[in-house]
Asks: 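Before I ask anything, let me first share the structure, which is written out below as structure tokens.
In what follows, every chain begins at residue 1, and chains take the letters A, B, ... in the order their sequences are listed. These numbers were taken from a predicted model, which means no experiment stands behind them.
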2 protein chains.
Amino acid sequence: MKEAEIEAAWHGLASCSRCQIQDLVLFADLTPEDFGAIHLPIDDLWLPPGAVLYRAETTQTSLFTLREGLVKLEQYLPDGARRIVSLAGAGAVIGLEAMLGTPYEHDAVALQPSKLCRIPTAVIQRLSPKLNQALMRKWHDSVRTAHACLRDLSTGAARQRVARLFLQLAPPEIPRCRLFGREDVGALLGVTTETASKTVAEFKRQGVIREIAPNLFERDIDALNRIADGD
Amino acid sequence: MKEAEIEAAWHGLASCSRCQIQDLVLFADLTPEDFGAIHLPIDDLWLPPGAVLYRAETTQTSLFTLREGLVKLEQYLPDGARRIVSLAGAGAVIGLEAMLGTPYEHDAVALQPSKLCRIPTAVIQRLSPKLNQALMRKWHDSVRTAHACLRDLSTGAARQRVARLFLQLAPPEIPRCRLFGREDVGALLGVTTETASKTVAEFKRQGVIREIAPNLFERDIDALNRIADGD
DNA sequence: CGGAATCTTGAGGAGTTTCAAAACATGTGG
DNA sequence: CCACATGTTTTGAAACTCCTCAAGATTCCG
């Protein structure tokens with residue numbers, strides 16, 4: 001197991017008011033004056049795959065918005081087994097629990113090259129209640145993706161789970177998607193690394209997916225949908 | 001499958017300021033004046049097992065606090081399979097998504113006799129931002145129980161999942177706990193009804209649990225912990 | 001060009017599902 | 001109060017899936 005505890009690369013102060021995905025993230029409803037009232041630094045981060053954003057049990061005074069990429073949130077079972085309990089994609093807010101002053105609940109690790117912003121909780125508190133609605137929406141998103149993870153990725157036979165994962169990795173109109181390591185696929189779907197590998201390999205042989213480059217796949221959406229619904 | 005669409009029994013207006021589990025629920029930090037400012041009716045509900053609190057896709061302007069009992073939140077897979085994605089116990093807030101004006105995401109059904117309060121979202125909005133912290137905490141609880149559901153109840157072998165469920169059904173110092181139907185146990189753990197039944201029956205034979213009355217069990221916590229950690 | 005991960009593959013066994021039936025519980029009408 | 005119908009729980013046997021263990025193939029990186 002690779003332990004790439006890379007210190008997040010500081011890229012510079014973010015200019016939130018000109019953020020391309022502003023409406024996706026937290027500050028959608030803010031006015032120019034509001035932006036002026038932000039006096040704390042919002043760091044701009046870039047994380048390579050495998051880099052750790054934060055560790056469970058640690059306490060910080062920041063939360064993170066994911067502008068681009070994919071981040072896994074993982075926890076450990078009493079017997080030491082590792083389980084990915086949620087995937088965070090572009091627009092997601094990670095580490096919301098910092099708003100409560102409590103320690104982080106997961107290890108947060110990049111699965112794909114990711115761009116994020118580190119936002120001090122004090123900034124949120126100052127702009128509250130203006131951000132209230134947006135914050136609730138983000139919190140709700142966390143619940144929804146957790147439930148989706150359980151419902152779609154941890155239910156049914158292994159081939160159904162893998163099919164549903166491939167369907168979730170990109171919008172249906174884009175045939176291509178990028179996958180990550182088999183060990184992580186297993187930890188996400190609740191199966192062994194070997195089963196994950198075997199199932200992906202089987203899909204390749206059956207032509208349901210086609211590997212264009214290492215871990216870059218072209219998907220047959222219809223076929224995947226059929227498998228996801230139980231052959 | 002029993003379809004007990006019982007209309008929730010209206011029990012009377014709740015007196016929140018004298019609520020026994022006030023600190024568990026939403027209104028912990030309110031002053032007497034705050035309570036005076038609540039001008040909308042907070043209904044007091046009692047639900048028998050099997051009663052439906054609300055259905056997915058419907059939109060209402062209330063959320064619910066669970067004062068006593070156990071409620072399941074379930075969703076459906078594309079192929080029609082049913083999956084319990086979260087359990088709500090005493091102190092939980094259910095239907096938080098009503099705060100966003102969006103439809104409920106689950107079917108909410110009582111598993112055990114349950115007492116709850118129906119709180120109009122307008123009440124919360126009026127008392128905001130006084131309730132902000134409490135609200136965030138409840139929202140975070142939803143995320144945490146969802147992740148716990150995935151991590152503990154949907155990971156590993158069936159006997160581990162059943163053991164972890166028995167451990168979660170009551171605090172460790174109380175040896176007794178109450179279970180629900182095998183079909184629901186299966187839907188919660190992601191196994192078939194038969195496997196749920198067989199595993200519970202096996203635990204009874206092995207003396208890990210003892211059935212005092214129908215679905216009322218006395219637990220051997222140590223033995224359950226051993227099984228939960230993988231024999 | 002090694003060396004170390006990661007991915008793939010295979011065979012055997014353990015665990016789960018499936019299908020079917022029996023045992024049990026519950027509630028209704030005679 | 002019993003007989004019966006209904007629904008749930010339990011059990012069994014066979015088929016299947018998934019896991020375990022082990023080895024080979026491949027990729028990645030110094």
Asks: State, to the nearest 10°, the angle formed by the axis through the first five base pairs of the helix from C:dT8-D:dA23 to C:dG30-D:dC1 and the axis through its last five.
Replies: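 Inter-axis angle at the termini of the helix from C:dT8-D:dA23 to C:dG30-D:dC1: 40°.
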Asks: Round to the nearest Å and state the distance from B:L179 atom CG to D:dT10 atom C1'.
Replies: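 Whole-Å distance recorded here is 15 Å.
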Asks: Roughly how far apart are A:T102 OG1 and B:R137 CZ, rounded to 0.5 Å?
Replies: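 Reported to 0.5 Å precision, the distance equals 9.0 Å.
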Asks: Which atom pairs, one a donor and one an acceptor, fall under 3.5 Å between side chains of residues 147-154 of chain A and the rest of the protein, sequence neighbours left out?
Replies:
unit_1, atom_1, unit_2, atom_2, d
A:H147, ND1, B:H106, NE2, 2.8
A:R151, NE, B:Q75, OE1, 2.5
A:S154, OG, A:R83, NH2, 2.8

Asks: Round to the nearest Å and state the distance from B:Q160 atom CD to D:dC19 atom C1'.
Replies: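 In whole Å, D:dC19 C1' lies 13 Å from B:Q160 CD.
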Asks: Could you work out which one of D:dT11, C:dT8, C:dT6 sits closest to the side chain of A:R182?
Replies: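 Between D:dT11, C:dT8, C:dT6, the one nearest the side chain of A:R182 would be C:dT8.
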Asks: May I have the distance from B:F217 (atom CZ) to D:dT9 (atom C1'), rounded to whole angstrom?
Replies: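 From B:F217 CZ to D:dT9 C1': 11 Å.
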Asks: Can you tell me which residue pairs pass the ring pair (Phe, Tyr, Trp, His ring centres under 6.0 Å) test with a partner in residues 209-231 of chain A, sequence neighbours excluded?
Replies: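 Listed once each, the pairs are A:F166-A:F217.
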Asks: Using a heavy-atom cut-off of under 4.0 Å over every strand shown, decide if A:R205 touches base, sugar-phosphate, or nothing.
Replies: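 Sugar-phosphate, backbone atoms only, no base.
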Asks: D:dT10 C1' sits how many Å from B:F203 CZ, rounded?
Replies: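 It is 16 Å, rounded to the nearest whole Å.
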Asks: Test of understanding: with ring-ring contact (aromatic ring centres under 6.0 Å, His included), list the residues that count as partners of A:Y54, not counting sequence neighbours.
Replies: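 A:Y54: ring-ring contact (aromatic ring centres under 6.0 Å, His included) contacts with A:F64, A:Y104.
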Asks: Under 3.5 Å, which protein N or O atoms sit close to an N or O of nucleotides 13-20 of chain C? Give each pair with its distance.
Replies:
unit_1, atom_1, unit_2, atom_2, d
C:dT16, OP1, B:A158, N, 2.4
C:dT17, OP2, B:T192, N, 3.4
C:dT17, OP2, B:T192, OG1, 3.3
C:dT17, OP2, B:T195, OG1, 2.5
C:dT18, O4, B:K198, NZ, 3.2

Asks: Tell me: CG of B:N215 to P of D:dG7, nearest whole Å?
Replies: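 So the CG-P distance, B:N215 to D:dG7, works out to 19 Å.
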Asks: Any non-hydrogen side-chain atom of A:F180 less than 4.5 Å from a side-chain atom of A:V185?
Replies: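 A side-chain contact under 4.5 Å exists here.
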Asks: For nucleotides 23-30 of chain D, give me one character per nucleotide, 5' to 3': B if any protein heavy atom sits under 4.0 Å from the base, S if the only such contacts are to the sugar-phosphate, - if neither.
Replies: --------
Asks: Under 4.5 Å between any side-chain heavy atoms of B:V162 and B:T195, yes or no?
Replies: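 Answer no - side chains too far apart.
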Asks: Output the rounded distance in Å from CG (A:D184) to P (C:dT6).
Replies: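 Checked: the CG to P distance equals 10 Å.
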Asks: Does the side chain of B:E105 come within less than 4.5 Å of B:L96's, by heavy atoms?
Replies: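 B:L96 does not reach B:E105 side chain to side chain.
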Asks: Whether B:E183 and B:R82 form a salt bridge (side-chain N of Lys/Arg under 4.0 Å from carboxylate O of Asp/Glu) is what I want to check.
Replies: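 Yes, B:R82 and B:E183 are salt-bridged.
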Asks: If we only count heavy atoms from C-beta on, is the A:R178 to A:L70 side-chain gap below 4.5 Å?
Replies: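 No, their side chains stay 4.5 Å or more apart.
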Asks: Can you measure A:D79 atom CG to D:dC19 atom P for me and round it to whole angstrom units?
Replies: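 Those two atoms, CG and P, are 14 Å apart.
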Asks: Are A:T65 and A:C117 side-chain neighbours, meaning at least one heavy-atom pair lies under 4.5 Å?
Replies: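 In short, these two side chains touch, coming nearer than 4.5 Å.
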Asks: I want to check something: taking the side chain as every heavy atom from C-beta on, are A:T199 and A:R182 in contact at a cut-off of under 4.5 Å?
Replies: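 They are not in contact (no side-chain heavy atoms under 4.5 Å apart), so the answer is no.
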Asks: Rounded to whole Å, please give me the gap between CG in A:L189 and C1' in D:dT17.
Replies: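 Rounded to whole Å, this separation is 15 Å.
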